[in-house]
K.L.:
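Pasting in a structure now, in structure tokens, and then I'll have a few things to ask.
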Amino acid sequence: MDGTMVTTAAPAATNLAVGNLTFGEGVLYAILGMLVVFFALVFLMIIIKILVKVTDKKAQKAQAAAKIPAPEEAALPEPVRRDDPAPGTAGEIKLYNTDPKDAAMIMAIVADTLGKPLNELRFKSIREIKG
Amino acid sequence: MENIIATLGRLAKTSGFYGIFTDWRQIVMIIIACFLLYLGLVKKFEPLLLVGIAFGMLLTNLPFGNMYNPELWDLYIANGQAIETLTPELQAFIAEHGFVFADGVVNLTFTELIHAGGLLDIMYIGVKIGLYPSLIFMGVGAMTDFGPLLANPKSLLLGAAAQLGIFIAFLLAIVIGFPSNVAASIGIIGGADGPTAIWLTSKLAPDFLAPIAIAAYSYMALIPMIQPPVMKLLTTKEMRETKMEQLRPVSKTQKVLFPIIVTIFTCLLLPSVAPLLGCLMLGNLFKESGVTDRLSDTAQNAMMNIVTIFLATSVGATARYDRFLNIRTIEIIVLGLLAFEFATCGGLLLGRLMYRVTGGKINPLIGSAGVSAVPMAARVSQKVGQEANPSNFLLMHAMGPNVAGVIGSAVAAGFLLAVFGG
């Protein structure tokens, strides 16, 4: 760490905006700044919309392909249905500011409301939101 | 006997109790530091940051502690200048510390700075080079879910509109006579994003770091009091009652691609914003990828906590009595409040426009969450919305503009640095 610090940056341009600005110049920079922010975020919005469309289309195609049964599969006998629910549960749940007892109660309420057994639901995390 | 008395006299003169009465402003700063500690510890105003800031402020104002020496950083910046052109205070500092510069030109090496500096000078290096704010952003990214933004990309417009406060405060600062670089740093308080404010100010106006950081964090903590009156003023009851449709689900692929795309695009548009947004998106990629859980956990817990300690303490240390207690500090505190209010107005006004355009499908209250301050501003939208209509649930809808505000304020900071960075 001897000597001077070395930093790399884009080629420095002479900066005319440093120092005291008049009100008029300030207004111009403020408008320019808002335009840059809007331009960046609107462009980002368009990119996100394209991203969402492309990925959704791909997901739909994949789903449609999965629905068409392959001829070999169609010939196979139907798997035996289990009426009893799958035993046990798997996975981990993250709790943030939530008591395990409260979490268990919340999961039970959700399962009851949806009418599904707990082992068919996947809870990722439970977080307390202070209003 | 005389020797003992002389020794005792010398000891007394090197004691802080003697030193503290040499300048009354030190006592005022100690009282302010204790008041901020009270706000953090008892009132719980952003305690994770305010406690560190207040304690740093306390340490730096205790005489003879030699914890932080802003003159050293001034000298480092003044490298290459003739000594006679420096302020009398800096010239006295050079004489006091016995620095010898050839040809009467300042040439302070980094090694000399570290040798002469105190503990907080060394911690301050992370602020000076912009390390801590960027690392904090990495932790924030690892904790942020951009799902609501991806589900409703229009939220980005609200995040952009809420940056109005930055540029209005910048203009007001120009009007009352601040130089452009300081005005830009004051304006960024309106971004309601502490790390961004610290990052920009440490580069544009390091002498004003303490009041700007304190204003930014204090107002972020006070958002539940600052925003609701403006929200009620700029919206009708009918607007506040608006219930929004449930957000569409967002796929994992979209969540993983989002940080990569944002980084490429924003860093190409404004390279100066790369340290902040790059780290924010890297942290988010750790979270969403599903294959770097350990890194995500470290970024949002251990690393975040360590950096918060360093950042808060060293920022607080910059509030030394001779640099903090002046009329400029009061002006900055007032402008900071105005910046927050105008930022809220910007988001709400565009929210109103979107309410009209969509035929009442968007609740304008989510616009106020565009000021960043994640997740406090979104909670305020939820609270005010629920007051108007108890069955209203705006939290997830407000999280979209809220995280868009983080990106928006970083873009605004990048713009200000590109324009006003010397």
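Naming: A, B, ... by sequence-line order, numbering from 1 per chain.
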K.L.:
State, yes or no, whether a side-chain contact exists between B/Gln163 and A/Val36 at a heavy-atom distance under 4.5 Å.
P.N.:
no
K.L.:
Could you go step by step and tell me if B/Gln254 and A/Asp56 meet the side chain to side chain contact (heavy atoms under 4.5 Å, CB included) rule?
P.N.:
CA-CA 9 Å; B/Gln254 289 163 3; A/Asp56 279 356; 3.0 Å; yes
K.L.:
As a quick check of understanding, evaluate side chain to side chain contact (heavy atoms under 4.5 Å, CB included) for B/Phe258 and A/Val52, giving each step before the final call.
P.N.:
CA-CA 10 Å; B/Phe258 176 75; A/Val52 167; over 6 Å; no
K.L.:
Might you point out which heavy atoms bring A/Lys49 and B/Pro153 nearest each other, and give the distance in Å?
P.N.:
CG-CG, 4.0 Å
K.L.:
Of the backbone (N, CA, C, O) and the side chain (C-beta and beyond), which part of A/Ile47 lies under 4.5 Å from a heavy atom of chain B, both, or neither?
P.N.:
side chain
K.L.:
Tell me the closest heavy-atom pair linking B/Ala404 and A/Leu41, and the distance in Å.
P.N.:
O-CD1, 4.1 Å
K.L.:
The test is ring pair (Phe, Tyr, Trp, His ring centres under 6.0 Å); show your working for A/Tyr29 and B/Phe167 and say whether it passes.
P.N.:
CA-CA 8 Å; A/Tyr29 281 115; B/Phe167 296 102; over 10 Å; no
K.L.:
How close do B/Pro179 and A/Asn20 get, counting heavy atoms only, and between which atoms?
P.N.:
CA-OD1, 3.4 Å
K.L.:
Please check if atom CZ in B/Phe101 has more than 12 non-hydrogen atoms from other residues, nucleotides or ligands closer than 6.0 Å.
P.N.:
yes
K.L.:
Please look at B/Leu113 and chain A and tell me whether the side chain, the backbone, both or neither of the residue comes under 4.5 angstrom of a heavy atom of that chain.
P.N.:
neither
K.L.:
Knowing that exactly one of B/Asn152, B/Leu257, B/Leu150 qualifies, which makes a side chain to side chain contact (heavy atoms under 4.5 Å, CB included) with A/Ile48?
P.N.:
B/Leu150
K.L.:
Using non-hydrogen atoms and a 4.5 Å limit, figure out which bit of B/Leu157 sits close to chain A: side chain, backbone, both or neither.
P.N.:
both
K.L.:
To check you understand the geometry: which heavy-atom pair defines the closest contact between B/Val411 and A/Val37, and what is its length?
P.N.:
CG1-CA, 4.1 Å
K.L.:
List the atom of A/Leu44, the atom of B/Val262, and the distance in Å for their closest heavy-atom pair.
P.N.:
CD1-CG2, 4.0 Å
K.L.:
Looking at chain A, which one of B/Leu164, B/Thr266, B/Leu149, B/Thr253 has the largest number of heavy-atom pairs inside 4.5 Å, strictly under?
P.N.:
B/Leu164
K.L.:
Highest number of heavy-atom pairs under 4.5 Å with chain B: which of A/Val27, A/Ile46, A/Val42?
P.N.:
A/Val27
K.L.:
First locate atom CG of A/Leu21, then atom CZ of B/Phe170, and finally report the distance between them rounded to the nearest 0.5 Å.
P.N.:
5.5 Å
K.L.:
So for A/Ile31, is it side chain, backbone, both, or neither that comes closer than 4.5 Å to the heavy atoms of chain B?
P.N.:
neither
K.L.:
Just wondering, more than 12 heavy atoms not from A/Arg122 lying within 6.0 Å of its CZ?
P.N.:
no
K.L.:
Among B/Ala161, B/Ala151, B/Ser409, B/Gly187, which has the most heavy-atom pairs under 4.5 Å with chain A?
P.N.:
B/Ala161
K.L.:
Is there side-chain contact between B/Ile174 and A/Glu25, with at least one heavy-atom pair below 4.5 Å?
P.N.:
no
